[in-house]
Peer 1: 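There's a structure below that I have some questions on.
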Amino acid sequence: MIKVAPSLLAADFARLGEAVEIVNRSEASLIHIDVMDGVFVPNITIGFPVISAIKTIARKPLDVHMMVTDPGRFVSQVRDCGAEIMNVHLEACTHLDRVVHTIKAAGMQAGVTLNPATPVMMLQDIISEVDMVLLMSVNPGFGGQKFIANTVAKVSSLKQLIISTGSRAVIEIDGGVDLNTAPALVGAGADVLVAGSYVFRSPDPIDAIDRLRHIKP
């Protein structure tokens, strides 16, 4: 069954604790947290004190998506916040192999994120070392954007790379995920769907998560 990672970026930040409790009560597999620095992407979101506070009430593993410059600087801080997964952008890492191994040495799963225009083959020399690949299906920086249709073909290419190399990496998709876009993504090989607006703008977020979990290709 597909895994769902609700993105707190789309939650009401004035009621963030309530949003986390909703995810706790759902069948979601992860809580997706976007950290933006206003440099790598044109927005600023939450930082480490807020993530630490989320961890105190979260009953789902934290998937921390670092949309920041030089994310390798922050491995220890992300670990200390209690994250289980640290996702870093390939485009933001000068020495990606070093960052991936530093994340794993810190006891977290290492995820590598690709922007929409970054080819999957850029991962060829690191794919066997990573636990997750996050494909952005919108340009990073803001929630609520329109899904980029080419992502489906990109998922297929990534799945082929994973199979051909014997990698155990799971494929996560972030951006514009809903009941309309999810079936093709799942059919192409996606394992984890990040959903923000679809979940938190729904009249029943728990039901929305459940519907996404049971999506069929």
Side-chain angles (χ1 to χ4, degrees), residues 3-11 13 16-17 19-24 26 28-41 43-115 118 122-123 125-136 140-141 143 162 167-175 191-196:
K3 294 182 177 180
V4 179
S7 172
L8 295 183
L9 181 64
F13 276 20
L16 199 54
V20 174
E21 291 294 354
I22 287 171
V23 179
N24 283 342
S26 77
S29 297
L30 303 167
I31 297 177
H32 190 82
I33 301 176
D34 293 302
V35 179
M36 305 182 190
D37 65 356
V39 180
F40 182 68
V41 293
N43 197 8
I44 297 174
T45 54
I46 64 176
F48 302 126
V50 177
I51 299 173
S52 295
I54 291 169
K55 182 64 178 180
T56 64
I57 60 173
R59 297 198 299 272
K60 310 287 184 178
L62 301 187
D63 171 21
V64 177
H65 179 191
M66 299 294 288
M67 294 186 238
V68 305
T69 58
D70 193 13
R73 296 174 294 159
F74 302 113
V75 173
S76 61
Q77 290 97 320
V78 175
R79 175 201 61 206
D80 292 346
C81 289
E84 281 81 4
I85 306 169
M86 180 174 176
N87 257 299
V88 298
H89 274 259
L90 177 149
E91 303 87 359
C93 296
T94 303
H95 302 289
L96 181 60
D97 182 83
R98 179 183 299 163
V99 174
V100 165
H101 284 91
T102 301
I103 292 170
K104 293 169 79 74
M108 295 180 288
Q109 294 183 47
V112 175
T113 307
L114 299 186
N115 281 336
T118 302
M122 294 288 287
L123 292 170
D125 293 331
I126 193 69
I127 190 67
S128 62
E129 303 297 322
V130 304
D131 301 294
M132 173 183 284
V133 177
L134 170 54
L135 296 182
M136 294 301 300
I162 289 171
S167 171
R168 296 184 178 182
V170 298
I171 301 174
E172 183 176 51
I173 311 298
D174 184 3
D191 303 295
V192 185
L193 300 177
V194 176

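Just so we're clear, the structure is a prediction, and the values are computed from it rather than from any experiment.
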Peer 1: Could you give the distance from CE (Met132) to CD (Glu172), rounded to the nearest 0.5 Å?
Peer 2: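 Going from CE on Met132 over to CD on Glu172, the span is 4.0 Å.
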
Peer 1: Can you find a pair of side-chain heavy atoms, one from Asn24 and one from Glu21, that are under 4.5 Å apart?
Peer 2: yes

Peer 1: When rounded to the nearest 0.5 angstrom, what is the spacing between CG in Leu9 and CG in Asp34?
Peer 2: 5.0 Å

Peer 1: Go through the steps for Lys55 and Glu84 under the test salt bridge (Lys or Arg N to Asp or Glu O under 4.0 Å), then give the verdict.
Peer 2: CA-CA 10 Å; Lys55 182 64 178 180; Glu84 281 81 4; 2.8 Å; yes

Peer 1: Which pair of non-hydrogen atoms, one from Ala10 and one from Gly196, has the smallest distance, and what is that distance?
Peer 2: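 Reported closest heavy-atom pair: CB-C, 3.2 Å.
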
Peer 1: Do the side chain of Asp174 and the main chain of Met136 share a donor and acceptor less than 3.5 angstrom apart?
Peer 2: no

Peer 1: Would you name the heavy atoms of Val68 and Phe40 that are closest together and state the gap between them?
Peer 2: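 It is C-CB, 3.6 Å.
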
Peer 1: So, taking the atom named CG in Leu134 and the one named CG in Asn87, what distance separates them when rounded to the nearest 0.5 Å?
Peer 2: 5.0 Å

Peer 1: Would you please name every residue forming a salt bridge (charged side-chain N to carboxylate O under 4.0 Å, His left out) with Lys3, sequence neighbours left out?
Peer 2: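 Applying salt bridge (charged side-chain N to carboxylate O under 4.0 Å, His left out) to Lys3 gives none.
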
Peer 1: So, for Leu8 and Phe13, which heavy atoms are closest and what is the spacing to 0.1 Å?
Peer 2: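 Residues Leu8 and Phe13, closest heavy atoms: O-CE1, 3.1 Å.
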
Peer 1: Would a 4.5 Å heavy-atom cut-off, applied to side chains only, mark Asp80 and Phe48 as touching?
Peer 2: no

Peer 1: Find the distance between OG1 (Thr118) and CG (Leu90) and round it off to the nearest 0.5 Å.
Peer 2: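 Output value for this atom pair is 6.5 Å.
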
Peer 1: Evaluate the criterion side-chain contact (heavy atoms from CB on, under 4.5 Å) for residue pair Asp70 and Val99; output intermediate values, then yes/no.
Peer 2: CA-CA 9 Å; Asp70 193 13; Val99 174; 5.8 Å; no

Peer 1: What pair of heavy atoms forms the shortest contact from Met67 to Pro140, and how long is it?
Peer 2: SD-CB, 3.5 Å

Peer 1: Side-chain contact test, heavy atoms from C-beta onward, threshold under 4.5 Å: evaluate it for Met66 versus Met86 and give yes or no.
Peer 2: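 Side chain of Met66 against side chain of Met86, heavy atoms only: contact under 4.5 Å found.
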
Peer 1: So, for Pro6 and Val4, which heavy atoms are closest and what is the spacing to 0.1 Å?
Peer 2: CD-O, 3.6 Å

Peer 1: Do you know the tightest heavy-atom contact between Val75 and Ala106?
Peer 2: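 Result for this residue pair: CG1-CB, 3.7 Å.
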
Peer 1: Side chains of Pro61 and Ile85: does their closest heavy-atom pair fall under 4.5 Å?
Peer 2: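 They are not in contact (no side-chain heavy atoms under 4.5 Å apart), so the answer is no.
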
Peer 1: Out of Ser52, Pro49, Ser76, which residue meets the side chain to side chain contact (heavy atoms under 4.5 Å, CB included) rule with Cys81?
Peer 2: Ser52

Peer 1: If we ignore hydrogens and angles and just use 3.5 Å, is the side chain of Asp131 paired with the main-chain N or O of Gly111 as donor and acceptor?
Peer 2: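 Answer holds: no.
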
Peer 1: Atom CD of Gln109 and atom CG of Leu30: how far apart are they, to the nearest 0.5 Å?
Peer 2: 8.5 Å

Peer 1: Between Asp37 (side chain) and Thr69 (backbone), is there a donor-acceptor pair under 3.5 Å?
Peer 2: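 Yes, because the side chain of Asp37 sits within donor-acceptor range (under 3.5 Å) of the backbone of Thr69.
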
Peer 1: Would you say that more than 12 heavy atoms from the other residues, nucleotides or ligands in this model lie under 6.0 Å from the CZ of Arg98, or not?
Peer 2: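 No - once you tally the heavy atoms of other residues, nucleotides and ligands closer than 6.0 Å, there are 12 at most.
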
Peer 1: Between Leu16 and Val50, is there a side-chain heavy-atom distance shorter than 4.5 Å?
Peer 2: yes

Peer 1: Do Thr45 and His65 touch side chain to side chain, with heavy atoms closer than 4.5 Å?
Peer 2: no

Peer 1: Any chance you could measure Asp97, atom CG, to Thr102, atom OG1, to the nearest 0.5 Å?
Peer 2: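 The OG1 atom of Thr102 is 9.0 Å from CG of Asp97, to the nearest 0.5 Å.
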
